[in-house]
Structure formats: structure tokens, C-alpha cells
Amino acid sequence: MPNASYIVLIPLLPLAGFALLGLFGRRYIKGFAGVLGTSFVLVSTALALYVAWQYFSISLPQGHFKQTVPLNLNWLTFSPGLSIDMSIILDPISVMMIVVVTLISLLVHTFSLGYMKGETRYATYYAFLNLFTFSMLGLVLSGNLFETYIFWELVGCSSFLLIGFYFDRPTAVAAAKKAFIVTRFADLGFLVGILILSFHADTLDIHTLIQRLTQPGPQLTNITTASFLGISALSWGLVLVFVGGAGKSAMFPLHIWLPDAMEGPTPVSALIHAATMVVAGVYLVARLYPVYAHAGPAVLQVVLYVGALSALLAAIIACTQTDIKRVLAYSTMSQIGYMMFALGAHGYTASMFHLFTHAFFKALLFLCAGVIIHRVHSNEMKDMGALRKLLPLTHACFLIACLAISGIPPFSGFFSKEDILLAAWNSNKLVYAVGLFTSGLTAFYMFRLYFSVFWGRPTHEAGAHPGHHPETPFTEKLPLVILALGALSAGWIPFSRFVTADGKPEPAHGVSVFAIAPVALALIGIATAAYLYRKETERPQRAAAAFKGFYQFAYHKFYIDEVYTFITKKIIFNGIGRPAAWIDKNIVDGLMNLLATITARIAAGIKGIQSGKVQDYTLYFFAGIVGLAVLFIYLYT
Amino acid sequence: MNQVPLTHILIVSTALFFIGMYGLFTRRNLITMLMSIELILNSVNINFIAFNRYLYPQRLEGVFFTLFVIAIAAAEAAVAIAIIINLYRNFHSIDVETADEMKF
């Protein structure tokens, strides 16, 4: 098995980069802060690829991929069994995740070299990116549930810092706060879930926890018999952990932070809010998947329906949005919904496969959006048009990514989406129907975006200075090309050979007739989008008018933000906040003020004793002596 | 020979003590207050000597105490006069009422 010492370096190198750039970046090494930060991640990526190669090639002869813990540092021990350790877990999904995280992070770092050039907080930006990379790697590698939680919060924190990177824009500040608060609510569920599971399993170590909660024993009996409101403690714990994952992965109804998080720099959206951090929730459920699968169907049903609902809802909203990054954000949410319901439908491999391919094409879409936004200086789709001549490379990459996400063979998304739909078909026909419909919608809204941006009428902003600057610097082109290659070819990886729920390799099943329906739907979606948006016409308006009420409903994101505002402002503020504030102001503060007033009054009364006159002091002194004398005489006679 | 009774000496020392006390509280001039303190110290000295002489004639502790008190009184006078001079420099007066700044 691989030696632990260099696996530790994979997360620690970005941490070193963060410390170096955070402490000295702004003053001393501003000029090459980007190169420095990127090189740390480059070394991490190389190590991660080496670990993956070693893991998948060397441990195969044992028949299946084992979960191993190559490093375990005892940190906080509560009782002999229960301790918070800093440990590293290696199993197929964590190895897959470190490859994805380091690779996407490296490409985003490289892309940002050109994209963020000239920013005043250039070094700080790289410090934050490094911090995020460290936290995300720690999260996927952690072998202790509480360690996972620590890194989970660190990831949230670096996401907060990067969303609010342009902190002079009030919208960015509000978005950062919103993301932080919403995910914190969800993390409360995660924490309570951890406490329930670890209390009953009597361990925080993930490997042991999975063993104890899936194999018959005192712990399993204990957790299934303990119940609250008629639901067993095991189900409660797992559902609460899922709530944490749903918050981070922007599942309905905790998704409201993700579209607003697009206020951050676009490469950040590519890294954090598309490819890596938002899939942490999926990863968490996958990490504890044996327990979920063993706990009976009810909990997985929750995962299944929440995932399917989120996928459908987000796809509908994405069809109506006009901001390019928001469309991509809702598409991310929709695709994560796919991964979630795949897990709920026992499609462990399919879910992880989609996570893998999605990371490539979604990061590619966001980076292309970054190039477009820089060119057009606007996020609005109406300011874009006919860009295919101006940005040929970006056009090609964007097209590849759109085809991949729509599930057109032979692009990567096709293969993973097939697996997911197959898993859904085998598990729940309703969810299969939702997934099928959503895949059609996905093709429609992605090509709506594609045609509005690259075809149609050239706009003033885009056409104003053709050839004014070259398309993009080399550091931006390279990541686009690499990601496009990934989006093209990632689907051909025989994923089920490597990643399965029990570690036993399965042969990859080939393409079947089953694939006809989703591909046909996707083609219909693309054709519709081409009909409506390829040329500047009145057709989109007429189409929107045909669904007037529903269109408005979806355009306003189903008024979910408004519902939250109503609940917080009208109900929580008036029902809980105001009375609590009244009690605080009048009763708690009142008691304190009373004490202070009494003290002040007494002080005012007796401060005259300290007059500053020597003779007064002498008098008190003698009075004291006389008093003592009287006391002594009284006591001793 | 007829000895003076102890009571007479104690009356003298008590009188001296209260004269000093009266001076300390009524005078505003720091020099006079210092003199009053010397009176109080001397009344204590008389007490020491008298009790030593009348109660324990063969021992010498009272006498030694008196010597110590005299020595300390001398040192105290030096310190007090230094303080008074500094006060005078700051306030241009040695009236104790003017130096009442050490208050709330």
C-alpha cells in the first residue's frame, strides 16, 4: 500500500501555499503569487495522480479495492473508543475525488493567472484558492467523521471568502452572507447527525462506524431500537447527515444560496460552485453509503425524492433565467440532483461517474463563461450574440461541454447519465420519468444558452472592437483545451471497474437500446432551442407568452426566495426575534442597568469621604484607632 | 524621698497628647502640624519611660523604645520638611487646605 508520508503532502502543500501567500503575498511576492500558488497545486496534482495510479494498479490483485487507512494521528481522545483523529482514508471514491479536486483546482489556478491579472488583491485571491484546495482535499481524504466536519466548515469558510471576494459590491457581500448562513443551518443538521451516529456506534472513525452500523452487533441493535417520534435513531442520524449534504450541495429547499454565489469571480464559480465543493454533499452520502443502503429504503427514498425534485425544479428555472452564470448555477444544481437521486436509486457507481464527468464539463462551461464575460463585460445573455467568430476556441469548447451535459454520445455526460437513468429505471419509474424529462430540459436550456451567446445578432458591446485584443491568453486557453478533452473522453473510462459500492470491480456494460429515449429527448431539446434562439426572432417571446403564468412563476424561481424572506422577516422576526429582543433590552439589560444605577448612587453618596484633605484623613485614622481600642477593651474585659 | 506618683506623669503625657492632637486638627500650617506630631510622639515617649521606671525598674526596654522613637522622629521631621518644601514649590503656600488634590 502507498506510503502515507507523501499522501499527507497532497493537502498540506496548498496549505503551505495559503500560509505563504496569506502572510507575505500582498507585500513581498505579489508579482509571482499566482505562479507560486499554482505550482503548489501542480505538485499536489502530480502526487494525487501518482497515488491514483498506485492505488488502482497495485491493490487490484486482492480481488477488490479495499478501504485502507494509511495514516491515523490520534488527536482528541474522549474515551478509549471515541476520539477525533486526523486520519487519511483511501478508497476508490476518495482517490477519484483527490484526482478531480487537484486537477480542476490546478486548471482553475492556471486559468486565473490571466483572468485575475491586475486585480489589487491578486495574492489574496490565490491564498484563498489554496485554502479552498487544502480544505477540499482534507474533506475528501478524512477518515474520521468529525475531521470531515472540520474540513466541511473550512470549505464553507473559504467559499464564503471567495464569494465575497469583491467585497466592495453590496450584492457580493449579501451573497456571501446568504451562502454562509444557509449552509450553516444545514451544517447544524450534519453535526447533530454525527452526534447521533457516533453516540450509538461509539466511534467517529468512518471505517469502524460503517462496520458497526452494517453488521449485526450491539451497536446496530442499539441504534435501531432507540427511536424518536417513531423513527429509529439510525434513520434520524442519516437523514440529518443528508440535510448537511443537501445544504452544501444546494438541494431543494436549501439551494437558494447557489445562484447568488455566482457573485464571486468566475473561475471560483468553476472550481467551488460547480466542480468540487457543491458535490461534497453527494460525496458525504457516498462516503456513508453502506450505512444508507443498509438502513432500509426509507432514508434512501428521502435522498431519491429530494434529488429528483431538485433536478427537475432547477432545470425548469434554468430555462427562464437570463444571466449566463445563473443558468449555469441552476444547471449545476440540476446535475447534482441527478447524482443525489442516483445514490437514492442504489446507483452508487453511476452517481460517482456523473460526479466525475460533470466536474469536467461544468468547470469547462464556467471557464468559457468567464472568457465570454470578460469579452462582453456583462453577465446578461441579451448583451451577447454571434460570438462564434470572435471567440472560436471558446465556441468549440462551449459546444463540446453543452453536448456533454446534454448527454449526446459519445461525449462524457452521455455515459454517466445513461448509468443514472438505468439505476433509476430499476428502482423507481416515477423518478426515471422525472430524470428523462429533466435530461430533455437540460439539452434545451444549455442550447438556449449556446445559441443566444454564439449565434444570433452581434451586439454593440461584442462587435464594437473586433480584433482589439487576442481571444485569450495562453494560460486561459490551456485549461479550456484540457477540460474539453476531459469532457470528450472521460466517458470512455470503464468506471465500474474502479468505483463500486463494495469495491468489487464490475464489467462496464455497453451502450444499449435503452439509450434511445434520453438521446432522442435531448435532440428534441436541442432542436427546439435552435428553432427558438438560433436567429433573433419573436419566437421566444411567443413561447413565453404561451406559458405566461408558469413562465413568470419559474422566472421568479418559484418564489422560493420570497417564501424564505416571508418566513424570516414576517414570522421569525416578529414571532421570535422581536420578543427576544424585548426581553433582552428590558429584562436582561434592565437588571444590569439597575445594578449599575444602584452602584453609581451609592458611590455618589460616599465619595465625599475622600476629600483630599489631610486632616480629614487623620481624623478617620484616629476614629479607627479609637474604635479598635473600644473594641479591644470590650473584648478583653 | 517622696516619689512623684505614676498618675501625675500619665496626666502630663495625656495632656501633651491631646494638645498635640488639637494642634494637628486645628492648624492649617504644615509646620505647626509637624510640631503637633512631635508633641504626640513625645507624650508617647513619656509614657514609655514612666511605665518602665515604675513597673519594671530593673529592665530597659522602655528606654530603648524611646530612643528609637526619637531617632524615627528625627528622620520623619527631615522627610516631612522635604515634603513641605515640595508642596510650597507646587502651590506657593504651606497651607494644608490648598493641597487637597488627592481626592475622588
Side-chain angles (χ1 to χ4, degrees), chain A residues 23 167 173 177 572-637, chain B residues 10 13-45 47-48 51 65 69 72-73 76-104:
Chain A
L23 288 173
F167 60 81
V173 174
K177 267 198 293 196
I572 296 180
F573 283 8
N574 284 339
I576 300 170
R578 295 243 158 79
W582 186 86
I583 288 173
D584 185 52
K585 266 184 205 143
N586 291 294
I587 295 182
V588 180
D589 286 3
L591 274 174
M592 288 299 128
N593 288 343
L594 185 67
L595 270 178
T597 315
I598 291 172
T599 314
R601 289 271 164 78
I602 293 175
I606 61 171
K607 75 178 178 186
I609 293 173
Q610 200 182 22
S611 62
K613 293 198 171 73
V614 178
Q615 282 165 328
D616 288 1
Y617 295 155
T618 328
L619 188 63
Y620 305 142
F621 176 72
F622 274 108
I625 295 286
V626 169
L628 276 178
V630 169
L631 193 69
F632 274 118
I633 291 165
Y634 174 76
L635 283 177
Y636 288 103
T637 51
Chain B
L10 290 185
S13 88
T14 313
L16 205 54
F17 180 83
F18 280 104
I19 289 167
M21 191 85 136
Y22 176 75
L24 187 60
F25 284 126
T26 54
R27 295 291 156 158
R28 297 297 181 245
N29 188 312
L30 276 166
I31 304 273
T32 333
M33 284 171 71
L34 182 64
M35 287 158 67
S36 309
I37 290 170
E38 296 295 330
L39 283 185
I40 293 171
L41 286 171
N42 280 333
S43 85
V44 174
N45 284 346
N47 265 7
F48 273 125
F51 281 122
F65 256 106
V69 172
I72 286 171
E76 180 234 305
V79 172
I81 287 171
I83 291 173
I84 292 168
I85 290 170
N86 266 318
L87 265 182
Y88 182 74
R89 283 189 183 152
N90 282 318
F91 295 96
H92 299 287
S93 149
I94 50 168
D95 190 339
V96 76
E97 300 267 284
T98 60
D100 63 345
E101 292 192 346
M102 275 167 59
K103 61 182 175 185
F104 47 87

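Just so we're on the same page: letters track the sequence lines, and every chain starts at 1. Just so you know, these numbers use all the heavy atoms, side chains as well, and skip hydrogens, waters and symmetry mates. Bear in mind that the values here come from a model prediction, so they are computed numbers and not experimental data.
- The contact list for residues 613-626 of chain A toward chain B, using heavy atoms and a distance under 4.5 Å, reads A:K613, A:V614, A:Q615, A:Y617, A:T618, A:L619, A:F622 by residue number.
- In this structure, the side-chain contact (heavy atoms from CB on, under 4.5 Å) partners of B:I19, at least two apart in sequence or on a different chain, are B:L39.
- Chosen from B:M21, B:R27, B:E97, the residue pairing most often with chain A at heavy-atom distances under 4.5 Å is B:M21.
- Shown here are the side-chain contact (heavy atoms from CB on, under 4.5 Å) partners of B:N45, two or more places apart in sequence or in another chain: B:N42, B:T66, B:V69, B:I70.
- With sequence neighbours excluded, no residue forms a ring-ring contact (aromatic ring centres under 6.0 Å, His included) with B:F17.
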